[in-house]
Novice: 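Can you keep this structure in mind? I'll have questions shortly.
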Amino acid sequence: MEAKPHALDTTSKIIPLSLPKGAEKLCELCQRRASLQCTKCRVTFYCDAEHQQADWVGIHEKICQLLVPIRTQTLFSLQHAGRIEMQLKKAELIEICRSVAQSKLSEGKHQEALPAAQFCLRCSIDVHGPSTVQMVPAYLLLAEANMGLGNLALVAELLSQAEWAVLKSPECGHTVHHRLHRSLGRLHTATGNLEAALLNFANDIYFASEAYGLDSTVTCGGYFFMADVFAKQGKMPVARSLYSEVARIWHCHLTKLLKTHVQNVQNPDVLLKPSYDKAQRVEVDEMLRAMLDFEQNDSRKDSAQIALVAHCLAMLWFLGGDSLKALGFGCTALQASQLIPNHDLTEPIQGLLQLVQSLQTEPHPGPD
């Protein structure tokens, strides 16, 4: 049975990472009274075996021993130099938890991401305080995990706290604003407030373009989410136009990556070394597949767009080391391009298919 840890209640007092000696032992995930102890670090406690297993899979395995010096009070830890060292160790924990949570979220593992996201928030509060702009990334991580689980009331609360921290810090950068507005847009989309979603995605695109540029793959994520809202409103021409822009940006980006990859690698077998990690591939694959399905299911099939998106997917999976998927999407792209006389993608698609077919390495299928 899959463990289902309770989401962190950010309205109640959050226990610090290190407790005074003799303090009541509380569950790492839900902060209820604990009766179990991690036998490896002996400084982490749980209310039951399910929460212990969920935390181990989610994050504890990676930070178990790192918690020992933080949660073990010594004479050195009480001194000024010791407190500074503890802050540095906590900053390291924040980065580890952020990376683990983001990777699991990118793969759609929202339940598994909860422990890392919750710990990231607790650790960030311990280091920065509860209402500072440095807390925003942790709030957004936990909000994204809960959004995937359908806990929309908690998502609204977390984003409200993130928004308040941003409002109190007018000097915070474009990246923070972009991420906050994207999260707010996704929440409003999920709750059916589509006009508010469009407004937030417009702000997301503005701040992302300021931080990364108009043609960035980060910025075009806002185009994708906005297109989804227009599709829900039945405004298909607008949605199609935005999807086309997303496809154009990703095609340009992947074409450059592929060209550089091929030029720099003399041994063809090495071409299977992934240019994207698993989480990145899954995230981009999900977006491109949604766009491909949109075109293929449309009554007015746009063969040029199908060829463009399928070619993106073929390049993505070739760079990711999966020649089988690259071959499948490449064939889809070629069939679509051949429906258009003298289509400019036919030759690049054929070149990619030849490259895939020339590989002698066995394919390594990834997740669907």
Novice: His188: what forms a ring-ring contact (aromatic ring centres under 6.0 Å, His included) with it, not counting sequence neighbours?
Specialist: none
Novice: Between Val246 and Met291, is there a side-chain heavy-atom distance shorter than 4.5 Å?
Specialist: yes
Novice: Determine, for Glu245 against Arg248, whether the closest basic-nitrogen to carboxylate-oxygen distance falls under 4.0 angstrom.
Specialist: yes
Novice: Are any non-hydrogen side-chain atoms of His251 and His311 less than 4.5 angstrom apart?
Specialist: yes
Novice: Strictly distance-based, threshold 3.5 Å: is any side-chain N or O of Ser169 a donor or acceptor partner for the main-chain N or O of Glu171?
Specialist: no
Novice: Measure up the His253 and Trp250 rings against each other and bin them: parallel (under 30°), tilted (30 to 60°), perpendicular (over 60°).
Specialist: perpendicular
Novice: With sequence neighbours left out, write down each residue that passes ring-ring contact (aromatic ring centres under 6.0 Å, His included) with Phe45, or none if nothing qualifies.
Specialist: none
Novice: May I ask you to test the Val43-Thr72 pair for a side-chain heavy-atom distance under 4.5 Å?
Specialist: yes
Novice: Is any side-chain heavy atom of Cys64 less than 4.5 Å from a side-chain heavy atom of Cys38?
Specialist: yes
Novice: If every non-hydrogen atom of Thr189 is compared with every non-hydrogen atom of Ala197, which pair is closest and at what distance?
Specialist: OG1-CB, 3.4 Å
Novice: Mind listing the closest non-hydrogen atom pair of Ala231 and Ala239 along with its distance?
Specialist: N-CB, 3.9 Å
Novice: Do Gln31 and Gln118 have side-chain N/O donor and acceptor atoms under 3.5 Å apart?
Specialist: no
Novice: Mind checking who shares a hydrophobic cluster with Tyr46, ILVMFWY linked at side-chain heavy-atom distances under 4.5 Å?
Specialist: Leu36
Novice: For a quick test of reading the model, state the closest non-hydrogen atom pair linking Val155 to Ala143 and the distance between them.
Specialist: CG2-O, 3.4 Å
Novice: Could I get the full list of side chain to side chain donor-acceptor pair (under 3.5 Å) partners for Arg98, not counting sequence neighbours?
Specialist: Glu95
Novice: State whether the side chain of Thr219 and the backbone N or O of Gly213 hold a donor-acceptor pair below 3.5 Å, judged by distance alone.
Specialist: yes
Novice: Using atom types as modelled and distance alone, determine if a side-chain donor or acceptor of Asn151 lies under 3.5 Å from a backbone N or O of Leu154.
Specialist: no
Novice: When you measure from the side chain of Asp298 to the backbone N and O of Phe294, does any donor-acceptor pair fall under 3.5 Å?
Specialist: no
Novice: When you check the gap from the basic side-chain N to the acidic O, do Asp285 and Arg289 get nearer than 4.0 Å?
Specialist: yes
Novice: For Asn297 and Asp293, indicate whether the former's side chain and the latter's backbone hold a donor-acceptor pair under 3.5 Å.
Specialist: yes
Novice: Please write out which residues are connected to Tyr206 in a hydrophobic cluster, directly or through intermediates, given that two of Ile, Leu, Val, Met, Phe, Trp, Tyr count as joined at side-chain heavy-atom separations below 4.5 angstrom.
Specialist: Phe207
Novice: List the atom of His60, the atom of Cys41, and the distance in Å for their closest heavy-atom pair.
Specialist: NE2-SG, 3.6 Å
Novice: Test salt bridge (charged side-chain N to carboxylate O under 4.0 Å, His left out) on Glu28 and Arg71; report intermediate values, then the result.
Specialist: CA-CA 13 Å; Glu28 187 73 10; Arg71 290 178 169 170; 3.0 Å; yes
Novice: Given side chains that start at C-beta, do those of Arg186 and Phe201 come closer than 4.5 Å, heavy atoms only?
Specialist: yes
Novice: Counting C-beta onward and ignoring hydrogens, is there a side-chain heavy-atom pair between Leu292 and Phe329 closer than 4.5 Å?
Specialist: yes
Novice: Keeping Ser337 on the side-chain end and Leu334 on the backbone end, is there a donor-acceptor pair under 3.5 Å?
Specialist: yes
Novice: Which residue pairs satisfy the salt bridge (Lys or Arg N to Asp or Glu O under 4.0 Å) criterion with at least one member in residues 54-68, sequence neighbours excluded?
Specialist: none
Novice: Any heavy-atom pair between the side chains of Ile96 and Leu66 that's under 4.5 Å?
Specialist: yes
Novice: Mark yes or no for whether Glu295, through its side chain, and Ile306, through its backbone, hold a donor-acceptor pair below 3.5 Å.
Specialist: no
Novice: Tell me whether Ser358 contacts the main-chain N or O of Leu355 through its side chain, where contact means a donor paired with an acceptor under 3.5 Å.
Specialist: yes
Novice: Do Gln350 and Thr346 have side-chain heavy atoms sitting under 4.5 Å apart?
Specialist: yes
Novice: Should the pair Arg240-Asp302 be classified as a salt bridge under the 4.0 Å nitrogen-to-oxygen rule?
Specialist: no
